[in-house]
Amino acid sequence: MDDTIVAISTALGVGAISIIRVSGSDSINIVNNIFKGTDLTKVSSHTIHYGYILENNIKIDEVLISIMKAPKTFTKEDVVEINCHGGLATTNKILEILLTNGCRLAEPGEFTKRAFLNGRIDLVEAESIMDIINSKTELTRKMAINGIEGKISNIIRELRQSIVEVLANIEVNIDYPEYEDAILMTNNLLKDKVNHIKVKLHEILEKSENTKMIKEGINVGIFGRPNVGKSSILNRLLNEEKAIVTNIEGTTRDIVEGSFLLNGISINIIDTAGIRDTDDIVEKIGVEKSIQILDKVELAIVVLNNNEKLTKDDLELLEKTHNKNRIIVINKNDLESNIDLDINNYENIVICDTTSTDGLDSLKNKIIELFNIGTIDDRDLTYLSSARSISILKQCLNKIDEIEQAIINDIPTDIIEIDLKNIWDSLGEIIGETYQDELIDQLFTQFCLGK
């Protein structure tokens, strides 16, 4: 990180202003060499200066230069931001001049990566920065702000501190058995300490599953044989004519996607091709895609036709979705009922018709009920949301189960101590106290250029 990096931080295109960001030990000198105005090497930190960007003494653009000196900057390095007129030609020209005067083009997320490596932010805060950039709902924005403010990281640090205190007592017992003031860490006492850690991990994980749902939404698939009303349900939920609706079987041959907000949660919904045996090559591909999607979605909406008896395809679909989160929609209840489904044998049944919205309100309420969306408290979004962090938490819980079994088997505490240290290290990976270079490189490449 000894070099000076540069990137355009605003979206390219026609606009009033573009911002070009420079960070590194030589950033002020480089910009000063191409700037006509105040001597930037002599100005105070966190000040703005008017002038012109020059190339071979020819004015390129009228600009405002923001000077921010280390360490009180985002990257903890000297940072210069050039506010120039928007537009591709002007912005790219200034970027080109900076590159020819000693800057290197920043990699995606490199400014944030430097902020992390220089101790300005931790990994949770870094991921939250990306979350706030990508946030599409008010809940995701609130959640991301909590991450940026460090509230989530503090929860992990407190849990790590609890583990450190247990480890310290074990160490004292092993190394200084004659030290009378130390707590004797018997397996019974260790069991209580470990249970406290387990309860806290469960609490964090449960809340984190909610925040993951807030961040990513719920993936929902609509399944059923042809012409049962799947596309009509999609269109009603999205409040637009997204999918083509006809009375011809097999009209939908490929997946159709859309999303809508339900109590602030994004419902990512997919209308699939009708599932049935067919000799049509194109339709067969659509059916195969539908079956693949069934394995990936978090909720399957199975649509049946109230006006017809159950077919072999209906029964097979009910069997395929038996162990999934599922809502069974009996559609077309405005027609004579001929369906032979014993509703007492099934849960989460919604009866509706797509010519009115009443039934679909029931469907939305059922989704809210299944995923406890109504119980999410937007005043407390101080938990983890990334799949990476949640995976680590689950690994820690598995390790806790192993420790509890070891205590039951009366395994010596110095052996149990090793597993506790592994949990402490794993929790450190969440906030970046411990990390591998490959993980950091991969994580920050997901950021946009200039951030």
Discussion item. side-chain contact (heavy atoms from CB on, under 4.5 Å), that's the test. Do Ser389 and Glu127 meet it? Break it down for me.
Written reply: CA-CA 10 Å; Ser389 298; Glu127 290 173 317; 4.0 Å; yes
Practice prompt. Under the side chain to side chain donor-acceptor pair (under 3.5 Å) rule, collect the residues that match up with Glu298, sequence neighbours excluded.
Written response: none
Fill in: Residues Glu404, Lys198; criterion salt bridge (Lys or Arg N to Asp or Glu O under 4.0 Å); working and verdict
CA-CA 10 Å; Glu404 287 183 328; Lys198 182 177 183 178; 2.9 Å; yes
Worksheet item: For residues His46 and Ser44, is any side-chain donor paired with an opposing acceptor at under 3.5 Å?
Response: no
Worksheet item: Have Thr75 and Ser23 got a donor and an acceptor in their side chains that come within less than 3.5 Å?
Response: yes
Worksheet, complete the sentence: The reported gap from CD1 in Ile5 to CD in Glu77 (rounded to nearest 0.5 angstrom) is 6.5 Å
Discussion item. Ser153 vs Asp122, test: side chain to side chain donor-acceptor pair (under 3.5 Å). Steps then yes/no.
Written reply: CA-CA 8 Å; Ser153 302; Asp122 61 35; 2.6 Å; yes
Worksheet item: Where do Ile431 and Leu123 land on the side-chain contact (heavy atoms from CB on, under 4.5 Å) test, with the steps shown first?
Response: CA-CA 5 Å; Ile431 55 178; Leu123 274 191; 5.6 Å; no
Worksheet item: With the threshold set at 4.0 Å, does a side-chain nitrogen-carboxylate oxygen contact exist between Glu110 and Lys113?
Response: no
Discussion item. Show, in sequence, the C-alpha distance, side-chain angles and deciding distance for Asp313 and Arg225, and conclude whether the salt bridge (Lys or Arg N to Asp or Glu O under 4.0 Å) test is met.
Written reply: CA-CA 7 Å; Asp313 293 323; Arg225 58 187 172 84; over 6 Å; no
Item to complete: Could you tell me whether Lys324 and Asp295 make a salt bridge, using a distance below 4.0 angstrom between a side-chain N and a carboxylate O?
Response: no
Fill in: Verdict with reasoning, Leu393 to Ile430, per side-chain contact (heavy atoms from CB on, under 4.5 Å)
CA-CA 9 Å; Leu393 285 178; Ile430 292 177; 4.1 Å; yes
Item to complete: Go through the structure and list residues passing salt bridge (Lys or Arg N to Asp or Glu O under 4.0 Å) with Lys69, not counting sequence neighbours.
Response: none
Worksheet entry | Any residue meeting side chain to side chain contact (heavy atoms under 4.5 Å, CB included) with Ile415, in chain and number order, not counting sequence neighbours | Ile411, Pro412
Worksheet entry | Heavy-atom donor-acceptor pair, Asp61 side chain to His85 backbone, under 3.5 Å | yes
Practice prompt. Check for a donor-acceptor pair, side chain of Ser162 on one end and backbone N or O of Glu158 on the other, with a separation under 3.5 Å.
Written response: yes
Item to complete: State whether Lys320 and Asp314 are salt-bridged, where the test is any N-O pair (Lys NZ or Arg NE/NH1/NH2 against Asp/Glu carboxylate O) under 4.0 Å.
Response: no
Response to the item:
For Leu427 and Ile392, the nearest pair of non-hydrogen atoms, with its separation, is N-CG2, 4.5 Å
Fill in: Among Val6, Leu105, Thr4, the one residue meeting side chain to side chain contact (heavy atoms under 4.5 Å, CB included) with Leu98
Val6
Item to complete: Output yes when Asp271 and Lys230 qualify as a salt bridge under the 4.0 Å nitrogen-oxygen rule, no when they do not.
Response: no
Fill in: For Glu107, side chain to side chain donor-acceptor pair (under 3.5 Å) partners two or more places apart
none
Practice prompt. Using the side-chain contact (heavy atoms from CB on, under 4.5 Å) rule, take Val329 and Leu363 through it: C-alpha gap first, then chi angles, then the decisive distance, then the call.
Written response: CA-CA 8 Å; Val329 174; Leu363 176 57; 4.0 Å; yes
Fill in: Neighbour count >12 (heavy atoms, 6.0 Å) for atom CD1, Ile48
no
Fill in: Distance, nearest 0.5 Å, that separates CD of Glu55 from OG1 of Thr100
6.5 Å
Worksheet entry | Residues which pass side chain to side chain contact (heavy atoms under 4.5 Å, CB included) with Ser259, listed by chain and number, not counting sequence neighbours | Ser266, Asn268
Practice prompt. Output yes when Glu347 and Arg326 qualify as a salt bridge under the 4.0 Å nitrogen-oxygen rule, no when they do not.
Written response: no
Worksheet entry | By side chain to side chain contact (heavy atoms under 4.5 Å, CB included) - contacts of Asn33 (at least two apart) | none
Fill in: Sequence neighbours excluded, every pair satisfying salt bridge (Lys or Arg N to Asp or Glu O under 4.0 Å) that has a member inside residues 9-37
Arg21-Glu81
Discussion item. For a quick test of reading the model, state the closest non-hydrogen atom pair linking Asn92 to Ile8 and the distance between them.
Written reply: OD1-CD1, 3.6 Å
Practice prompt. Could you tell me whether the side chain of Asn32 and the main chain of Leu40 form a donor-acceptor pair under 3.5 Å?
Written response: yes
Practice prompt. Kindly determine whether Asn305 and Asn331 satisfy side chain to side chain donor-acceptor pair (under 3.5 Å), including the steps that lead there.
Written response: CA-CA 5 Å; Asn305 189 345; Asn331 192 28; over 6 Å; no
Fill in: CD1 on Ile30 to SG on Cys103, rounded to 0.5 Å
4.0 Å
Worksheet item: Measuring from Ile267:CD1 to Leu262:CG, what's the distance to the nearest 0.5 Å?
Response: 5.0 Å
Worksheet, complete the sentence: Heavy-atom nearest pair, Leu54 first then Ile60, reads C-CG1, 4.2 Å
Item to complete: Check whether more than 12 heavy atoms from other residues, nucleotides or ligands sit under 6.0 Å from atom NE2 of His196, and answer yes or no.
Response: no
Response to the item:
Contacts of Asn323 meeting side chain to side chain donor-acceptor pair (under 3.5 Å) (sequence neighbours excluded), chain-then-number -> none
Discussion item. Nearest 0.5 angstrom please: Asp78 CG to Ser25 OG, how far?
Written reply: 7.5 Å
Worksheet item: Roughly how far apart are Ile97 CD1 and Ile20 CD1, rounded to 0.5 Å?
Response: 9.0 Å
Worksheet item: Who pairs with Glu62 by salt bridge (Lys or Arg N to Asp or Glu O under 4.0 Å), at least two apart in sequence or on another chain?
Response: none
Worksheet entry | Contact list for residues 43-52, test salt bridge (Lys or Arg N to Asp or Glu O under 4.0 Å), sequence neighbours left out | none
Worksheet item: For Lys72, does the NZ atom sit with more than 12 other heavy atoms under 6.0 Å from it, leaving out its own atoms?
Response: no
Worksheet item: Of all residues at least two apart in sequence or in a different chain, which pass the side chain to side chain contact (heavy atoms under 4.5 Å, CB included) check with Asn365?
Response: Ile368
Worksheet item: Can you list the residues that meet the side chain to side chain donor-acceptor pair (under 3.5 Å) rule with Asn83, with sequence neighbours excluded?
Response: none
Discussion item. For Phe116 versus Gly432, what's the shortest heavy-atom pair and its separation?
Written reply: CZ-O, 3.8 Å
Worksheet item: With distance as the sole test, does Ser27 use its side chain to make a donor-acceptor pair with the main-chain N or O of Gly24 at under 3.5 Å?
Response: yes
Worksheet item: More than 12 heavy atoms of other residues, nucleotides or ligands under 6.0 Å from CD of Gln161: is that the case?
Response: yes
Fill in: Phe260 versus Lys364, closest heavy-atom pair with distance
CE1-CE, 4.3 Å
Fill in: Asn118 side chain to Arg120 backbone, donor-acceptor under 3.5 Å
no
Worksheet, complete the sentence: Correct closest heavy-atom pair for Ser426 and Cys396 would be CB-SG, 3.7 Å
Discussion item. Treating Arg388 as the side-chain partner and Glu429 as the backbone partner, does any N or O pair qualify as donor plus acceptor under 3.5 Å?
Written reply: yes
